Protein chains: 2
Amino acid sequence: MSLVRRTIERYVKLTDAEWAVVAPHWQPRDFPKGAFITRTGEVEPWFSIVEQGVQRLFVEHDGSEVCVGFAYDGSWSGVYDSFVTRTPSRFAVQAVTDSRLWSIRREALYGLYDTVPAMDRWGRLILEELLIGRATREIEQLTLDAEARYRNLIRRSPHLLQLVAQKDIASYLRMTPETFSRLRARVR
Amino acid sequence: MSLVRRTIERYVKLTDAEWAVVAPHWQPRDFPKGAFITRTGEVEPWFSIVEQGVQRLFVEHDGSEVCVGFAYDGSWSGVYDSFVTRTPSRFAVQAVTDSRLWSIRREALYGLYDTVPAMDRWGRLILEELLIGRATREIEQLTLDAEARYRNLIRRSPHLLQLVAQKDIASYLRMTPETFSRLRARVR
DNA sequence: GCCGGCGCTTGATGTGGATCAAGAACCTTC
DNA sequence: GAAGGTTCTTGATCCACATCAAGCGCCGGC
């Protein structure tokens, strides 16, 4: 359980008293490989920290799927925009491997924002990090070609190639599996 | 000046005492049409609210520019990731029309986060909104073709077409000016 | 008011990556 | 361990969009 506290304390310090308020709201949730954690069209009630496993976040679009992100140990997982706006999610989240998440419900988190100021700040810092990640990804999409994006990925997250299907990586890099396969052969 | 207070109070209420603390840190900055507000490589020290004018946010990439966003009346303006991380900006911001911004420096804003809890929350709410906007834009890029993205833009922001060059809109929609021109002729 | 330049349009041509297709190497399941 | 499905690879074809090119119109500066 202290994974949650450790993760939060990467951003803000919590007193034991504050932790005592925060802790009860988090609960573990387990998903077998392949299970859907959030389906398109459902409102996302959870915000989660990944204890183990890999999940993929993707958009469905007339029959096909486009991967927009992955989550794994120590990162957060969920569909933040649906969580915040309480509108049906346009993204789906699926367990790529057996996964354990620690999750908090929306009402509980927003309650904590009101009662524990450190958590309000934590929310801000998490969002800053997410936004920076988005900006970085946008820059990559704009300034790097397919091969450079691939090289970047294997440099930053070499383990991903072992963990998730190449077709998911391909769609994450915005290309077809065929193009990805040829790229790998070429780059060797 | 009350534009700033009104804008902040769209998210959180401020007592007069809090406003008295917050207000002195905001200052107006004027830019003539064409002026750079932030250059690539500079660290962004400001977070701004637009009082008037239109600005474009773009990435430079071997000689050409790709527009990634616009800001106008009532929206915020700046390069948030450089602002937060104090690293050189990979984006540039330029005044498309004569512009007046109300701006606060990073140190001042982070000071307010510590002294005025409502501002900490404001920071979180602003970021939530920004992140939702990013998610929406990402979905659009993935699920809509060029023509649908164009229709979406003229539906949501018809005034933009009058205000900014078509080549900027074209790059915002991820196409060349030629393709955009042909699209407009075709769509009528 | 004239000149120069940039932005927009329109046409001709080229190409990177998508699509279609088929076979091989896998996991998974019974 | 055989059967069936999925994923990956490799080849052939195709096409949307980029690129190249030329002409026009508008605006700003002197």
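Quick caveat: nothing in here was measured; it's all calculated off a predicted structure.
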Show the distances under 3.5 angstrom between N or O atoms of the protein and N or O atoms of nucleotides 26-30 of chain D.
none

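Less than 6.0 angstrom separates the ring centroid of Phe47(B) from the ring centroid of Trp122(B).
Among residues at least two apart or in separate chains, salt bridge (charged side-chain N to carboxylate O under 4.0 Å, His left out) pairs with a member in residues 63-77 of chain A are Arg56(A)-Glu65(A). Legend: salt bridge (charged side-chain N to carboxylate O under 4.0 Å, His left out) pairs involving residues 28-46 of chain A, not counting sequence neighbours, sorted by first then second residue: Asp30(A)-Arg100(A).
Contacts between residues 153-177 of chain B and DNA chain C, defined by a heavy-atom separation under 4.0 Å, are made by Ala165(B), Gln166(B), Lys167(B).
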Would you be so kind as to tabulate the donor-acceptor pairs closer than 3.5 Å made by side chains of residues 124-132 of chain B, with sequence neighbours excluded?
| from | atom 1 | to | atom 2 | distance (Å) |
| --- | --- | --- | --- | --- |
| Arg124(B) | NE | Asp120(A) | OD1 | 2.7 |
| Arg124(B) | NH1 | Glu128(B) | OE2 | 2.9 |
| Arg124(B) | NH2 | Asp120(A) | OD1 | 3.1 |
| Glu128(B) | OE2 | Tyr110(A) | OH | 3.0 |
| Glu129(B) | OE1 | Tyr11(B) | OH | 3.1 |
| Glu129(B) | OE2 | Tyr11(B) | OH | 2.7 |

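The salt bridge (charged side-chain N to carboxylate O under 4.0 Å, His left out) test with Glu140(A) singles out one residue from Arg149(A), Arg156(A), Arg174(A), Arg151(A), and that residue is Arg156(A).
Between Thr179(B) and dA18(D) there is a side-chain N or O to OP1 or OP2 distance below 4.0 Å.
In this structure, CZ of Arg149(B) is placed 9 Å from P of dC17(D), rounded to the nearest angstrom. The separation between Phe180(A) atom CZ and dA18(C) atom C1' is 17 Å, rounded to whole Å. Rounded to whole Å, the distance from CZ on Arg56(A) to C1' on dT7(D) is 13 Å. Glu178(A) has its CD atom 10 Å from the P atom of dC20(C), to the nearest Å.
Arg182(A) contributes no side-chain N or O that forms a donor-acceptor pair with the base of dG16(C) under 3.5 Å. For Arg184(A) against dT7(D), a side-chain-to-base donor-acceptor contact under 3.5 Å is absent.
The side chain to side chain contact (heavy atoms under 4.5 Å, CB included) test applied to Thr176(B) returns Glu178(B), Thr179(B), not counting sequence neighbours. For Arg86(B), the salt bridge (charged side-chain N to carboxylate O under 4.0 Å, His left out) criterion is met by no residue, not counting sequence neighbours. Every side chain to side chain contact (heavy atoms under 4.5 Å, CB included) that Ala118(A) has, sequence neighbours left out, goes to Val12(A), Leu14(A), Glu18(A), Val116(A). Shown here are the side chain to side chain contact (heavy atoms under 4.5 Å, CB included) partners of Leu153(B), two or more places apart in sequence or in another chain: Leu160(B), Ile169(B), Tyr172(B), Leu173(B).
Chaining together hydrophobic side chains whose heavy atoms lie under 4.5 Å apart places Val66(A) alongside Phe31(A), Ile37(A), Val50(A), Leu57(A), Val59(A), Val68(A), Val79(A), Phe91(A), Val93(A), Leu101(A), Ile139(B), Leu142(B). Clustering of Ile, Leu, Val, Met, Phe, Trp and Tyr side chains at separations under 4.5 Å leaves Trp46(A) isolated, with no partner residue.
For the helix from dG1(C)-dC30(D) to dC30(C)-dG1(D), the end axes, each set by the C1' atoms of five terminal pairs, are bent relative to each other by 50° (nearest 10°).
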